[in-house]
Amino acid sequence: MSEKAIVIEAPGGPEQLKLVDVEVGAPGPGEVRIRHEACGLNYIDVYHRNGSYPLPLPARLGMEGAGIVEAVGEGVSHLKPGDRAAYASQPPGAYATARVMPARCVLKLPDAIAMDTAAAMMLKGLTVQYLLRRTLPQEGLNPGDFVVFHAAAGGVGLIACQWAKALGLQLIGTAGSDEKCQLALDHGAVHAINYRRDSDFAARVRDITGGRGVKVVYDSVGADTWEGSLNCLAPFGLMVSFGGASGPVPPVNIGTLAAKGSIYVTRPTLFTHIATREVTQAMGDDLFDMVATGRVSIRIDKRYALADAAQAHRDLEARQLVGSAVLLP
Ligand SMILES: NC(=O)c1ccc[n+]([C@@H]2O[C@H](COP(=O)([O-])OP(=O)(O)OC[C@H]3O[C@@H](n4cnc5c(N)ncnc54)[C@H](OP(=O)(O)O)[C@@H]3O)[C@@H](O)[C@H]2O)c1
């Protein structure tokens, strides 16, 4: 049976996203066939589309989805046909009505979590899980500690605001408008800085922390915020550079890290963390628990038809979205 998927023939703008007919076969060993009910929209999809993260062409897009398992291949024991399931996973291909993919990162979805919620939270929520729980400064993070989280009203950002609050952390969020700042505060940030108006956000962070600075900066904005982020850190602080929505971080003079107070820098990716099924399940269980108990709620700001993926990309890149968005096949 013919299915639909979004593909790109060449890297470029949103106009490269084309809905085409594709064949989806039976799952091989270690694979699962899943029929999507919703797919997540993520900034990494933009990097894949525009060639910042090159893919072999032609390429499918999308790293996050939820749906019903239709078939499992040999050796897959944690899923069976008919299961509700959700994932964040390589390789791209979630922008589709159905797909065959490695079963390793596909998790059985608790009944308490709706399909569209799952599609909106797997990649973003697992990212927040590893950032706040597994990417820590040398003395760890304790209740009361300050952290900075950029783009705090975005998909990853609104989850981070709530999760940080649940951990007792004082999250200082940044965002690109006063409305977005208010949204971050409503979701648990203790302070919010509009970094398009207050470009010296580091000075504000110093004021808020009595001059001390913060233990960790979680920075997915990249080029525009790198320098200011370093200036937010307390001695021995940790700079977590996990994305580049404004462009890649420029080459770094390593001596800067000494001058800023013996600081640490890491550039993590979710896919290192979810390299094994066991760790993926443990991280997923943590996320499911946070959502099922209401400590983290997933805001779906926009729902697009799969065929309108190009418009979804335009809106995401124009900074018009808050929270998560999903594509509906
Ligand atoms: N390394 C990892 O494991 C990992 C995993 C997931 C996500 N990420 C990264 O985390 C970030 C957030 O992902 P997301 O999917 O939740 O996206 P998002 O935060 O919903 O959207 C990106 C946000 O970045 C901000 N931004 C700042 N400068 C920008 C610019 N020049 N152009 C476009 N946006 C700009 C915008 O918020 P304001 O208007 O408020 O500034 C925008 O809403 C992305 O950079 C993504 O690549 C990394």
Side-chain angles (χ1 to χ4, degrees), residues 14 39-50 52-53 61-64 88-90 92 94 105 119-135 148-163 173-185 187 189 192-199 201 217-226 228-229 239-249 265-275 280 283 287 298-302 312-327:
C39 320
L41 179 72
N42 289 286
Y43 220 87
I44 193 170
D45 307 340
V46 171
Y47 308 140
H48 282 147
R49 191 209 69 223
N50 68 20
S52 304
Y53 296 176
L61 259 64
M63 313 288 284
E64 183 181 45
S89 176
Q90 305 264 30
C105 291
M121 75 180 209
M122 292 302 291
L123 194 146
K124 303 164 194 77
L126 291 173
T127 297
V128 173
Q129 202 282 345
Y130 91 71
L131 290 174
L132 295 183
R133 310 279 277 168
R134 298 162 60 97
T135 311
V148 166
F149 208 106
H150 291 304
V156 172
L158 284 188
I159 297 174
C161 289
Q162 299 171 77
W163 204 317
T174 64
S177 70
D178 291 345
E179 293 71 26
K180 287 184 179 184
C181 284
Q182 188 57 51
L183 204 57
L185 292 169
H187 283 75
I193 304 168
N194 178 346
Y195 52 12
R196 284 174 116 171
R197 198 183 46 225
D198 267 343
S199 59
F201 60 84
V217 176
Y218 296 100
D219 187 337
S220 65
V221 173
D224 287 357
T225 45
W226 169 260
S229 293
M239 171 73 183
V240 182
S241 173
F242 70 104
S246 67
V249 172
V265 175
T266 183
R267 201 319 182 180
T269 168
L270 172 65
F271 301 105
T272 319
H273 288 273
I274 59 172
T280 309
M283 291 172 64
L287 172 62
I298 306 300
R299 180 187 167 117
I300 302 178
D301 195 53
K302 282 253 185 148
H313 276 223
R314 282 186 200 101
D315 293 347
L316 182 59
E317 286 180 275
R319 304 165 80 161
Q320 282 174 11
L321 301 182
V322 292
S324 299
V326 291
L327 306 177

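Remember, it's 1-based here, ligands and their atoms both numbered in the order they're listed.
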For this session: Can you pull out the closest protein heavy atom to atom 5 (C) of ligand 1? Residue, atom name and distance to 0.1 Å, please.
Result: T127 OG1, 3.2 Å
For this session: Nearest heavy atom to atom 25 (C) of ligand 1 wins, so pick from A151, A318, G222.
Result: A151
Exercise. What atoms in ligand 1 come closer than 4.0 Å to a heavy atom of S246?
Worked result: 28 (N), 30 (C), 31 (N)
For this session: Calculate, to the nearest 0.5 Å, the distance between atoms CD and CG belonging to Q129 and L270 respectively.
Result: 9.5 Å
Exercise. In the protein, what heavy atom is nearest to atom 32 (N) of ligand 1, and what distance, to one decimal place, separates them?
Worked result: A245 O, 3.4 Å
For this session: Identify the protein heavy atom lying closest to atom 40 (O) of ligand 1, giving its residue, its atom name and the separation to 0.1 Å.
Result: G176 N, 2.8 Å
For this session: With atom 18 (P) of ligand 1 as the reference point, say which of A184, S324, G155, A160 has the nearest heavy atom.
Result: G155
For this session: Taking only heavy atoms of L270 into account, list the atoms of ligand 1 that are under 4.0 Å away from them.
Result: 2 (C), 3 (O)
Problem set entry | Protein heavy atom at shortest distance from atom 1 (N) of ligand 1 | F242 O, 2.9 Å
Exercise. If only atom types and distance count, is the side chain of D45 paired as donor or acceptor with the main-chain N or O of N42 below 3.5 Å?
Worked result: yes
Exercise. For ligand 1, does E317 get within less than 4.0 Å through its side chain, its backbone, both, or neither, judged by non-hydrogen atoms?
Worked result: backbone
Exercise. To which of Q320, H273, K180 does the heavy atom nearest atom 43 (O) of ligand 1 belong?
Worked result: K180
Problem set entry | K180 backbone acceptor or donor facing S177 side chain under 3.5 Å | yes
Seminar exercise, completed: d(L287 CG, T280 OG1) to nearest 0.5 Å is 12.0 Å
For this session: For atom 42 (C) of ligand 1, find the nearest protein heavy atom and state the residue, atom name and distance (0.1 Å precision).
Result: R319 CG, 4.2 Å
Exercise. So is G157 close enough to ligand 1, meaning a heavy atom under 4.0 angstrom away?
Worked result: no
For this session: Enumerate the atoms of ligand 1 whose separation from the nearest heavy atom of Y47 is less than 4.0 angstrom.
Result: 44 (C), 45 (O), 46 (C), 47 (O)
Seminar exercise, completed: Logged contact type for T174 with ligand 1, heavy-atom cut-off 4.0 Å, is neither
Exercise. Starting from atom 19 (O) of ligand 1, which protein heavy atom do you reach first, and at what distance in Å?
Worked result: G154 CA, 3.4 Å
Seminar exercise, completed: Output for pair (F201 CZ, S229 OG), nearest 0.5 Å, gives 4.0 Å
Problem set entry | Residue part near ligand 1, for P268, under 4.0 Å between non-hydrogen atoms | backbone
Exercise. Roughly how far, to the nearest 0.5 Å, is CG of D219 from CZ of R267?
Worked result: 10.0 Å
For this session: Run the contact test for R267 against ligand 1 with a 4.0 Å cut-off on heavy atoms, strictly below, and give the result.
Result: yes
For this session: Taking only heavy atoms of N42 into account, list the atoms of ligand 1 that are under 4.0 Å away from them.
Result: 15 (O)
Exercise. Among Y195, F271, Y130, which residue places a heavy atom closest to atom 2 (C) of ligand 1?
Worked result: Y130
For this session: Check whether any N or O atom of L123, backbone or side chain, sits under 3.5 Å from an N or O atom of ligand 1, and answer yes or no.
Result: no
Seminar exercise, completed: With heavy atoms and a 4.0 Å threshold, my read on which part of L316 contacts ligand 1 is side chain
Exercise. Can you name the nearest heavy-atom pair linking W163 to L132, along with the distance?
Worked result: CB-CD1, 3.8 Å
Exercise. Can you list the atoms of ligand 1 that are under 4.0 Å from a heavy atom of A175?
Worked result: 40 (O)
Seminar exercise, completed: All heavy atoms of F271 vs all of S89, minimum pair found to be CE2-C, 4.0 Å
Exercise. Is it the side chain, the backbone, both or neither of V221 that has a heavy atom closer than 4.0 Å to ligand 1?
Worked result: side chain
For this session: For ligand 1, note which part of V156 has a heavy atom under 4.0 Å away: side chain, backbone, both or neither.
Result: both
Exercise. Hey, does the side chain of Q182 reach the backbone of D178 with a donor-acceptor pair shorter than 3.5 angstrom?
Worked result: no
Exercise. For the side chain of T174 and the backbone of Y195, is there at least one donor-acceptor N/O pair under 3.5 Å apart?
Worked result: no
Exercise. How close do E64 and L41 get, heavy atom to heavy atom, and via which atoms?
Worked result: OE1-N, 4.1 Å
Problem set entry | Rounded distance (nearest 0.5 Å) linking atom NE2 of H187 with atom CG of L183 | 5.0 Å
Exercise. Which of the atoms in ligand 1, numbered in the order shown and given with their element, are less than 4.0 Å from a heavy-atom of Y43?
Worked result: 13 (O), 15 (O), 17 (O), 21 (O), 22 (C), 32 (N), 33 (C), 34 (N), 44 (C), 46 (C), 47 (O)
Problem set entry | Contact check: S220 vs ligand 1, nitrogen or oxygen atoms, below 3.5 angstrom | yes
Exercise. Does A245 offer a backbone N or O that forms a donor-acceptor pair with the side chain of Y47 under 3.5 Å?
Worked result: yes
For this session: On the 0 to 90° scale, with breaks at 30° and 60°, tag the Y130-H273 ring pair as parallel, tilted or perpendicular.
Result: parallel
Exercise. Roughly how far, to the nearest 0.5 Å, is the CG atom of L321 from the CZ atom of R314?
Worked result: 13.0 Å
